[in-house]
Amino acid sequence: MLLSIDEKAAKWFTSEFEVNTVRMFPQYAGFGEKHKGFTLAFSAEAPSNIGFTKEINGINFYVEGNDVWFFEDTETCLSYNDEINEIQISFKEK
């Protein structure tokens, strides 16, 4: 499981969440690029059972143990898109 977050994306999280801990998790949405029916979601909450964590620019991004399946065999890439002023998510299969 790999996670890459560019510096602009990390700054976006700082301004949007105003916290230093961000949970990444699959959310049922009826569509999805990696897993049909699921999309990547974010929440500002304290971890209870960390399955993966990565610190970038002072922000701790983590995935709970029961959500690791969504990220397996994939590099999840978060970048900031200047044109739409939003986070852009892409998945690269290993």
Side-chain angles (χ1 to χ4, degrees):
M1 180 168 125
L2 297 171
L3 174 63
S4 64
I5 302 174
D6 71 23
E7 197 162 319
K8 284 185 177 181
K11 287 181 183 178
W12 180 87
F13 279 99
T14 301
S15 66
E16 288 292 313
F17 286 88
E18 298 179 358
V19 296
N20 62 358
T21 303
V22 176
R23 178 183 176 202
M24 300 172 57
F25 62 97
Q27 179 176 2
Y28 184 75
F31 61 91
E33 183 180 332
K34 179 172 168 37
H35 293 287
K36 190 172 179 85
F38 292 90
T39 189
L40 181 60
F42 308 99
S43 177
E45 60 186 87
S48 62
N49 179 28
I50 294 177
F52 175 82
T53 187
K54 184 169 188 175
E55 188 270 331
I56 300 169
N57 290 354
I59 304 169
N60 293 307
F61 294 89
Y62 76 95
V63 175
E64 290 285 347
N66 60 335
D67 293 332
V68 170
W69 64 268
F70 183 82
F71 300 90
E72 290 177 332
D73 302 322
T74 303
E75 179 179 2
T76 303
C77 305
L78 304 177
S79 58
Y80 185 79
N81 185 322
D82 289 314
E83 292 179 16
I84 61 172
N85 295 323
E86 287 289 334
I87 290 294
Q88 187 169 333
I89 303 164
S90 62
F91 301 99
K92 297 178 185 175
E93 298 297 321
K94 290 200 277 184

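Residues: numbered from 1 along the sequence shown.
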One should read off an interatomic distance between Asp6 CG and Trp12 CH2, to the nearest 0.5 angstrom, of 12.0 Å
Got a second to check how far Thr74's OG1 is from Leu3's CG, nearest 0.5 Å?
11.5 Å
Please name the pair of heavy atoms, one in Ala10 and one in Ile59, separated by the smallest distance, quoted to 0.1 Å.
O-CD1, 3.2 Å
Locate the shortest heavy-atom distance separating Ala41 from Gln27; write the atom from each residue and the value.
CB-OE1, 3.1 Å
Shortest non-hydrogen separation from Val63 to Val68 and the atoms involved
CG1-N, 3.9 Å
How would you list, by chain and number, every residue that makes a side chain to side chain contact (heavy atoms under 4.5 Å, CB included) with Asn81, sequence neighbours excluded?
Glu83, Ile84, Gln88
Which residue pairs pass the salt bridge (Lys or Arg N to Asp or Glu O under 4.0 Å) test when at least one of the two sits in residues 47-63, sequence neighbours left out?
none
Taking all heavy atoms of Asn20 and all of Gly58, pick out the closest pair and write down the distance.
CB-O, 3.5 Å
Report the residues that fulfil salt bridge (Lys or Arg N to Asp or Glu O under 4.0 Å) with Glu7, sequence neighbours left out, ordered by chain and then residue number.
none
Residues two or more places apart in sequence or in another chain: which of them pass side chain to side chain donor-acceptor pair (under 3.5 Å) with Thr14?
none
Measuring only between side-chain heavy atoms, which start at C-beta, is Pro47 closer than 4.5 Å to Thr21?
yes
Value for CZ (Phe91) from CD (Glu75), rounded to nearest 0.5 Å, stands at 11.5 Å
Kindly write out the residues that satisfy ring pair (Phe, Tyr, Trp, His ring centres under 6.0 Å) with Tyr62, not counting sequence neighbours, or none if the list is empty.
none
Residues which pass ring pair (Phe, Tyr, Trp, His ring centres under 6.0 Å) with Phe13, listed by chain and number, not counting sequence neighbours
Phe17, Phe42, Phe61
In the structure I gave you, are the side-chain heavy atoms of Ser43 and Phe25 within less than 4.5 Å of one another anywhere?
yes
Please list all pairs passing the salt bridge (Lys or Arg N to Asp or Glu O under 4.0 Å) test where one or both residues lie in residues 12-29, with sequence neighbours left out.
Arg23-Glu45, Arg23-Asp67
Residues two or more places apart in sequence or in another chain: which of them pass side chain to side chain donor-acceptor pair (under 3.5 Å) with Ser79?
none
Flag the pair Met24 / Phe52 as yes when at least one side-chain heavy-atom distance between them is below 4.5 Å, and no otherwise.
no
Please say yes or no: joined through hydrophobic side-chain contacts below 4.5 Å, possibly via intermediate residues, are Leu40 and Ile50 part of one cluster?
no
Measure the shortest side-chain to side-chain distance between Ile89 and Thr39 over non-hydrogen atoms and say whether it is less than 4.5 angstrom.
no
Close side-chain approach of Thr76 to Lys92, heavy-atom, < 4.5 Å
no
Report the residues that fulfil side chain to side chain contact (heavy atoms under 4.5 Å, CB included) with Asp82, sequence neighbours left out, ordered by chain and then residue number.
Lys8, Tyr80
Point-to-point distance, once rounded to the nearest 0.5 Å, from CG of Asn66 to OG of Ser48
7.5 Å
